[in-house]
Amino acid sequence: MLPLRFIIAIGIYNRRLDRGAGGKHMFKKAVAITLSGIILLTPMTASAITWEEIVSGMGSGTYEKDGTRVEQGENGQYTVSGGKIDGTVDLGKLMGKFDLFFKNLQMESGMTIFAGVGTSYKVQLDSDVVVNGSIEGSAAENSIVDLTNNGEITDTVNLSAGGENAKLAFKNVGSVKNLNVEATDGGQAEAVNKGEVTETAWIGTDGENSLGKLTNEEGGTINQIYTDSSNGSTTELLNQGEVEYISANAGKKGTTTGTNEGTVNEHIRVGADGEGAQADMTNSGEANRFYGSSSNGGKTDMINEGKVIGDGSTVTVTDPNNGNSWEETSGELNGWSEGKGSTTTVINHGSANSSGNGSTDGGYTRVSNLGTIETYMSGGTSGSGSQLEFENSDTGKVGALYGNSEDGASIIVTNEGKVGDVIGVGADGKGSSATVSNNGTAGSMDATGSNGGEVTAANSGVVEGKINVGAGGEGSKAELTNSGEANRI
């Protein structure tokens, strides 16, 4: 093809010749040459096939139109390849059981996979497939949706399984912006990521016997993970890859379990809220912070077998949904309970920089250290019926171990291992009590009752420094039993 400037030059030259010679045929020829050159230089817009056309062509063996080819293999699988698909790919237009493989194409307006009762869809997206938009889908009673993405989904995948024997499976090896998976009314949903979820992955369950599983495999990356369960349902989380944040929650009568075997660059949060709620989380990998809470009768169990890394510096966290910010402490292992019947248990077999804990309004928190806590293991409890217990086992090492009770609460602190600095308690207010026992080794020991609070201290181990016990204020009491060693009392 001649360059445009050359074609235009020909046109100008021929018009000049035409004027000079007075011949009109030469002018017409020049215009024709010029226009043909311009037409040749205009890019052609590729045609796109519609999903309706593809569905119509499926019954004809091999079908081809506008660069897209549809063929059925001997195993019954349909392969759709090449070109662009205009409009939404609606698998609901295929009734029954279908196995589809998409490759080397672009979907212009996303995909829907709504499986009615008794239907089944197995869908694979190859690595050279781009889905512009979202994928929406659900599996109804006695139906199956099985989706694998090796390509790119530019927006969100929203999938659910609702009803008895409803089964949903999603595997991402490519990339997706957001992932939302839900199981309700006895349905089962499972999501596996070995690729990239650039923003959030959420899995939620509701209703008796509903089960949801989310696994981030080694090599997989997810920015934020959220899980929820309620009303007799269960969610299970396993992270073996890399995540920025994990938040795992159980609502009333829900059960949530989670395990981190990978890396969480920011915090892990686990919580149980409501009567019958149970939330369990085990960290055997690495996390910057590890927090747990229970409220309104919920129960939370936390186990750290790995590393809660961080130097105790302040970290500012911003909620991406509402823009609210707050501060957290890096390297902290933290358990909290609020409300009558609420229980939080923290067990440390690994390592953490610090551990700050508490209970209020009748809640119960227990923290056991069998590993290493570099700086302090501490906390406070307040309100009638609230309890806080600390135990540093014979294998435990902690920088300092102390806690306080007030307004009718009680605290018990026990050391069987090594406390580098002080082991101590305080009780403030009528009805408040605090008990401290040292059966291991501590730098010093302190127990103080005030404003009617009562403290009891017992040492059968070694206190390298001073034991200090005191009471101040009307009704306050302090008792000491020493059968061990102390530098001075």
Side-chain angles (χ1 to χ4, degrees), residues 312 333 335 346-348 352-359 364-489:
L333 176 62
V346 182
I347 301 175
N348 178 50
N353 180 267
S354 62
S355 180
N357 309 272
S359 61
Y364 172 72
T365 299
R366 179 180 174 84
V367 184
S368 299
N369 177 47
L370 292 83
T372 301
I373 299 176
E374 294 290 341
T375 56
Y376 60 82
M377 179 172 163
S378 69
T381 178
S382 97
S384 178
S386 301
Q387 297 179 0
L388 180 60
E389 291 188 27
F390 289 140
E391 180 186 15
N392 187 45
S393 76
D394 57 358
T395 60
K397 296 180 181 180
V398 62
L401 177 58
Y402 53 89
N404 297 281
S405 65
E406 61 183 19
D407 299 330
S410 66
I411 185 168
I412 299 174
V413 175
T414 304
N415 175 46
E416 304 285 346
K418 172 69 174 178
V419 178
D421 197 352
V422 63
I423 175 172
V425 294
D428 181 58
K430 186 177 180 180
S432 301
S433 65
T435 301
V436 58
S437 301
N438 178 51
N439 305 312
T441 302
S444 62
M445 187 173 183
D446 186 89
T448 303
S450 58
N451 300 314
E454 299 181 5
V455 296
T456 302
N459 175 47
S460 60
V462 177
V463 177
E464 296 170 338
K466 180 181 179 182
I467 296 178
N468 181 57
V469 177
E474 185 179 353
S476 300
K477 294 181 181 180
E479 296 181 4
L480 170 65
T481 301
N482 179 44
S483 59
E485 298 179 17
N487 184 273
R488 59 191 186 276
I489 298 176

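Hydrogens, waters and symmetry mates play no part in the numbers below; they use all other heavy atoms, side chains included.
- The shortest heavy-atom contact between Ile423 and Ala442 is CG2-CB, 3.6 Å.
- Identified under the salt bridge (charged side-chain N to carboxylate O under 4.0 Å, His left out) test for residues 383-392, with sequence neighbours left out: Arg366-Glu389, Arg366-Glu391.
- Note that CZ of Phe390 is 14.5 Å distant from OG of Ser437, once rounded to the nearest 0.5 Å.
- Sorted by first and then second residue, the side-chain hydrogen bond (donor to acceptor under 3.5 Å, both in side chains) pairs with a member in residues 373-382 read Ser359-Thr381; sequence neighbours excluded.
- Applying the side chain to side chain donor-acceptor pair (under 3.5 Å) test to Glu406 and every residue at least two apart in sequence or in another chain returns nothing.
- One distance of note links OG1 of Thr414 with CG of Asn392; it measures 10.0 Å at 0.5 Å rounding.
- The side-chain hydrogen bond (donor to acceptor under 3.5 Å, both in side chains) analysis of residues 419-436, with sequence neighbours excluded, yields the pairs Asp428-Ser450, Asp428-Asn451.
- Heavy-atom minimum distance, Gly399 versus Val419: O-CG1, 3.9 Å.
- Residue pairs meeting the side-chain hydrogen bond (donor to acceptor under 3.5 Å, both in side chains) criterion with at least one partner in residues 480-489, sequence neighbours excluded, are Asn459-Asn482.
- Checked against side chain to side chain contact (heavy atoms under 4.5 Å, CB included), Ala434 has the following partners two or more places apart in sequence or in another chain: Ser405, Ile411, Val425, Ala427, Val455.
- Contact detail for Gly379 and Leu388: the closest heavy-atom pair is C-CD2, 3.7 Å.
- Listed here is the closest heavy atom pair of Met377 and Val398: CB-CG2, 3.6 Å.
- Closest heavy-atom contact between Ala486 and Ile467: CB-CD1, 3.6 Å.
- Identified under the salt bridge (charged side-chain N to carboxylate O under 4.0 Å, His left out) test for residues 459-474, with sequence neighbours left out: Lys418-Glu464.
- For Ser386, the side chain to side chain donor-acceptor pair (under 3.5 Å) criterion is met by no residue, not counting sequence neighbours.
- Atom CE of Met445 and atom CD1 of Ile489 lie 9.5 Å apart (nearest 0.5 Å).
- Checked against side chain to side chain donor-acceptor pair (under 3.5 Å), Thr448 has the following partners two or more places apart in sequence or in another chain: Asp446.
- Residues satisfying the side chain to side chain donor-acceptor pair (under 3.5 Å) criterion with Ser355, sequence neighbours excluded, are Asn357.
- In this structure, Ile373 and Ser354 approach most closely via the heavy-atom pair CG2-CA, 3.7 Å.
- Remark: Ser393 pairs with Leu370, Thr395 by the side chain to side chain contact (heavy atoms under 4.5 Å, CB included) rule, at least two apart or across chains.
- Taking NZ from Lys397 and OG1 from Thr372, the interatomic distance works out to 6.0 Å, rounded to the nearest 0.5 Å.
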